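Residue numbers count from 1 along this sequence. The structure displayed is predicted, hence computed values, not measured ones.
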Amino acid sequence: MRRFFRKRLPAFLLTMIMVMTMVPAVSAKSSADIEYKVDAGEVVNFDISKFTDYYDENRDDNLSYLRFTSASGLDSCGQLYAYDYSRDEVTLDEDDLGSAYFYVSRSDMSRGDYRLNGMNFLAGKRSNGEMVDLTFQMRGDNGGKLTGILRIVIGKTSGSSKGDITYTVKPGEEVVFSDEDFSNAYDKAGGSGTMKYVAFEKPSSDYSDAGTIYSRYGKRNATSFTRSELDDYKFYYGDSDYGDYDLDELSFVADKSFSGSIEITFKAYGGKNNKTSDSVTGTLKITSSKSGSSKGDITYTVKAGEEVAFDDDDFEKIYENSSCTGSFKYVEFSRPDSAFNDAGTLYSRYGKRNETAFTRSSLSSNKFYYGDSDYGDYDLDELSFVADRTFSGSVELSFTAYGGTGTRTNQNVTGTLVIATGKTGSSTTKGDITYTVKAGDEVAFDDDDFEKFYNNSSCSGTLKYVEFSRPDSAFNNAGTLYSRYGKRNETAFTRSSLSSNKFYYGDSDYGDYDLDELSFVADRTFSGSITLSFTLYGGKNSKCDQSTTGTLVITTGTSAVTSRYVGNIRYNTTPNTALQINANDIARLFRKYTSGGSLQYLTLTSVPATGSLYYNYYNASKYGATRTQLTASMAGSMIFSYSPASASEYDLSELTYIPSGSNYCTALTFTGYSSSGTAVSATILISVTASPVSEVYSVTTKGTSVNFPANSVYSAVASATGFGLSSIQLLELPASTAGVLYVGSYAADTTSAYSYGSDTDSMSQLRFIPNSGFTGSVSIPYVALSSSGTALGAGVVSIGVVDSVKKFTDISTSTWCYKYVTELAGANVISGYSNGTFQEKNTITYGAALKLIMLAAGYGEQAPTVKGSPFSGYLAKAKAAGLVSGNPKLNGPITRLQIAQIAAKALKLSTTGLPSKKPFTDTNDVYVQALNAAGIIEGYFSNGTSTYKPNNTLTRGQVSAIVWRMKNSVQ
């Protein structure tokens with residue numbers, strides 16, 4: 001994207017530029033275009049929607065970013081804060097603003113830019129009655145320009161106007177609006193006729209922290225209104241139909257931390273008869289009252305990180321001790337304040353089947369019944385609170401207990417449930433387990449560590465399984481706990497799912513996952529330590545009547561340079577070149593990870609952070625929707641079928657990526673499913689470089705190690721990107737059947753960043769040692785990293801291991817098919833001419849191609865059956881095996897269609913289970929489709945259309961590539 005004034009300029013030039021840019025492209029209003037009011041010493045958060053709304057009202061494109069061209073009173077009245085590219089909050093003064101850019105979307109940002117979202121201003125404590133004016137210039141994504149003024153007024157600016165309405169509410173409780181109050185305000189302000197409806201203006205940012213306005217709070221069809229939504233609706237008076245919601249059904253639910261007051265401006269509309277030509281303006285003021293402690297409050301104490309169960313008899317006593325008659329039926333909780341989120345989580349049936357966790361909103365939307373009654377949604381006696389590990393102090397839940405005589409629930413009493421932290425004690429106890437991990441690395445759990453802890457306790461019998469308590473929120477930023485990390489059926493655990501499973505010891509069947517297959521993968525930014533509380537269960541024979549608790553501490557070890565790019569499937573493209581995602585690549589990966597399972601469909605779990613992902617980009621598909629750009633919010637709800645059965649389904653082969661910029665890597669993640677529900681999650685890594693990153697190829701003889709070609713990798717990346725790499729991260733290691741890649745004396749990994757230099761962990765220290773007797777091809781993909789650790793692009797190092805290196809006088813390392821010819825010749829599959837040449841551009845004959853295909857498929861050498869016809873034996877064998885019919889001319893050319901038919905049959909590829917959509921528009925041959933699905937042949941793609949050109953002939957070089965893929969597919 002074009003940007004202006006990207007570099008910091010000298011002060012005198014900056015002053016000139018700011019003066020010039022203050023001449024607006026479109027005249028700003030004489031007063032402020034966006035205005036905030038804030039009390040001295042308080043903070044006001046900027047609402048990004050105010051900026052986007054202002055731009056949308058005046059321009060047709062979308063706001064991309066803005067910059068402030070002048071500032072008045074900022075440094076003397078307070079402090080401006082914003083979030084930078086790394087999501088760190090920074091302070092900005094008047095001098096900083098001249099070269100700062102504030103973006104709507106983080107994906108458009110570069111280092112040095114700031115986010116428009118999250119900006120806030122802290123008013124000085126002595127700045128009462130002062131004002132800050134910030135002149136800004138906006139830019140749209142299609143070249144639009146707009147200027148304006150952001151004004152911040154400091155001090156007590158709001159007053160009470162005639163007709164004001166005031167409500168008082170305790171923190172955490174509800175106050176119900178009365179439509180008669182608004183009608184009276186309308187009459188007192190001189191409104192004519194009768195009031196018809198009320199419209200509220202958008203509240204200030206204080207509203208977000210004070211509470212929420214609801215329609216039909218706690219009832220069916222309850223609706224909550226955000227700041228942005230409140231001014232979008234009309235609230236009607238009485239039985240009129242002049243609005244969207246009944247004014248008399250509105251109420252305000254205060255947060256538990258609500259103090260002071262908030263004001264919301266409203267307009268009441270009315271008139272005589274059916275007219276609404278008259279209106280008056282007023283303010284609704286909501287003030288907090290002191291909450292105090294009510295009679296009959298319940299108090300529970302819980303240690304940080306642990307669980308405390310509710311007792312329904314405690315609530316029943318509250319009801320019985322009140323003046324209510326009849327018997328207790330159920331409890332409703334008021335919506336907790338925001339502090340509840342950081343304290344812990346309320347559950348029904350915690351750790352059991354049908355466990356349910358409640359958010360602040362869902363907690364207040366349900367009824368919790370007492371005893372065996374059916375007056376609610378969940379059993380009150382099955383509730384418990386699980387405190388976060390960082391929980392301290394206390395939280396309060398306001399509740400109302402309902403009851404009555406018979407089936408009536410016309411009696412109620414309110415109370416407060418207080419949950420407070422008890423003494424937590426030392427975090428280090430006898431038998432605790434500690435693991436150390438480098439940031440970005442993996443550490444595997446050892447079930448023997450847990451078994452030793454169990455044996456050292458007073459428990460009898462043997463260890464059966466482990467349960468972990470729900471970790472605190474710090475766990476999210478530390479890393480991820482996995483079962484079978486990097487293997488088939490890999491499972492990642494969230495905080496909630498970790499505490500919902502049992503992890504069994506040894507060969508027992510007392511749980512869901514093998515304890516010995518757990519590992520923790522630390523985030524690249526992980527430092528310090530985290531603690532996981534656990535309970536070990538065991539006993540004699542098949543009993544699990546013994547338990548002991550402990551803590552597992554995971555701490556960072558010596559810092560090392562690590563990287564965490566992932567690419568199960570990898571693509572390379574260049575700027576302005578559309579990239580088609582190959583559905584067959586995903587299907588093959590699915591079969592690999594499920595040992596032959598068939599992909600049915602997938603869902604996207606993320607879209608690329610850079611560039612754009614489209615469905616039906618060329619608008620040529622008959623499946624699904626027309627051309628659609630996929631966003632993170634919508635992509636997850638779309639199902640992409642590998643073999644769509646109807647026009648309404650989305651076709652997996654119609655995903656197209658459009659780059660934005662150059663020299664970067666971005667990712668697309670998905671979860672694929674089979675018809676039986678088997679799931680595989682994986683990542684597609686897309687590398688965009690100025691020109692393609694050349695494959696770096698080395699060849700060695702069987703049993704001979706080969707050093708990693710560090711200099712060649714550096715040159716390949718520099719040639720493609722124009723930049724020198726600082727290090728690389730390997731994306732995949734050689735298969736264990738092929739050999740081991742070492743760095744020095746240790747096995748290499750896929751998280752370390754191997755530098756371009758001569759130090760211990762450098763690229764030059766990498767060395768591949770093939771297994772004894774192994775021959776074949778080894779592929780080592782990598783990401784090239786800059787000095788800051790960001791990706792410049794991705795490439796691949798290939799190593800051929802052959803019995804002997806056979807050379808041809810017309811084939812060199814720069815020949816495009818050098819790898820294929822060298823490895824096939826070393827395996828005695830391919831040969832050249834008697835004069836030592838290979839002649840890769842010559843058209844290949846039917847007989848020569850048939851021989852190569854059969855050798856690659858494992859048929860072995862065939863002696864001639866006709867004198868003077870060297871390929872006659874292969875033809876005879878092919879006919880007998882059903883590969884060929886008729887009498888083709890062995891000395892004539894072979895077509896691409898014939899090659900595909902013979903190769904697919906020779907490899908015994910299945911022609912069932914193929915996608916319903918044919919991959920090519922110029923042939924429907926099932927053998928062509930099967931060979932394409934296997935990744936052995938490709939077509940010609942242009943503007944959304946793929947062709948195979950079945951009647952074209954092939955050169956010797958082209959057939960060597962096909963035969964090489966065949967041979968490697970059967971190894």
> Any sub-3.5 Å donor-acceptor pair from N616's side-chain atoms to A620's backbone N or O?
Replying inline: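 Such a contact is found between N616 side chain and A620 backbone.
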
>> Taking atom CG as the centre, does N891 end up with more than 12 heavy-atom neighbours from other residues, nucleotides or ligands that are less than 6.0 angstrom away?
In response: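 Counting neighbours around CG of N891, 12 or fewer heavy atoms of other residues, nucleotides or ligands fall under 6.0 Å, so no.
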
>> Is there a side chain to side chain donor-acceptor pair (under 3.5 Å) between S715 and S712? Walk through the geometry before answering.
In response: CA-CA 5 Å; S715 298; S712 297; over 6 Å; no

Report yes or no: do [X] and [Y] form a side-chain donor-acceptor pair below 3.5 Å?
X    : Y    : value
Q929 : Y948 : no
T669 : S606 : yes
S674 : S598 : no
T945 : S942 : no
D925 : Q901 : yes
N835 : T837 : yes
D585 : Y571 : yes
T671 : S681 : yes

Any carboxylate oxygen within less than 4.0 angstrom of a Lys/Arg side-chain nitrogen, looking at [X] and [Y]?
X    : Y    : result
R570 : E732 : yes
R484 : E517 : yes
E695 : K819 : yes

Approximate separation, where rounding is to 0.5 Å, of [X] [atom1] and [Y] [atom2]:
X    : Y    : atom1 : atom2 : answer
F723 : N663 : CZ    : CG    : 6.0 Å
L931 : I902 : CG    : CD1   : 11.0 Å
S653 : N582 : OG    : CG    : 8.5 Å
Q600 : Y642 : CD    : OH    : 12.5 Å
C665 : L685 : SG    : CG    : 4.5 Å
N568 : I684 : CG    : CD1   : 9.0 Å

Do [X] and [Y] have side chains that approach each other closer than 4.5 Å (heavy atoms only, starting at C-beta)?
X    : Y    : answer
T573 : P659 : yes
I780 : L730 : yes
W964 : S777 : yes

>> Ring-plane angle category for Y697 and Y818, please: parallel below 30°, perpendicular beyond 60°, tilted otherwise.
In response: perpendicular

>> Can you tell me how the ring of W816 sits relative to the ring of Y820, calling it parallel under 30°, perpendicular over 60° and tilted otherwise?
In response: perpendicular

Do [X] and [Y] meet the cation-pi criteria used here (NZ or CZ under 6.0 Å from the six-membered ring centre, within 45° of the axis)?
X    : Y    : result
K949 : Y940 : yes
K702 : F774 : no
R956 : F838 : yes

>> Counting the benzene-type ring for Trp, do Y623 and F640 have ring centres under 6.0 Å apart?
In response: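 So the answer is no for these two rings.
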
>> Would you say the ring centers of Y650 and Y615 fall short of 6.0 Å from each other?
In response: yes

>> side chain to side chain donor-acceptor pair (under 3.5 Å) for S643 and S916? Distances and angles first, verdict last.
In response: CA-CA 5 Å; S643 182; S916 56; 3.2 Å; yes

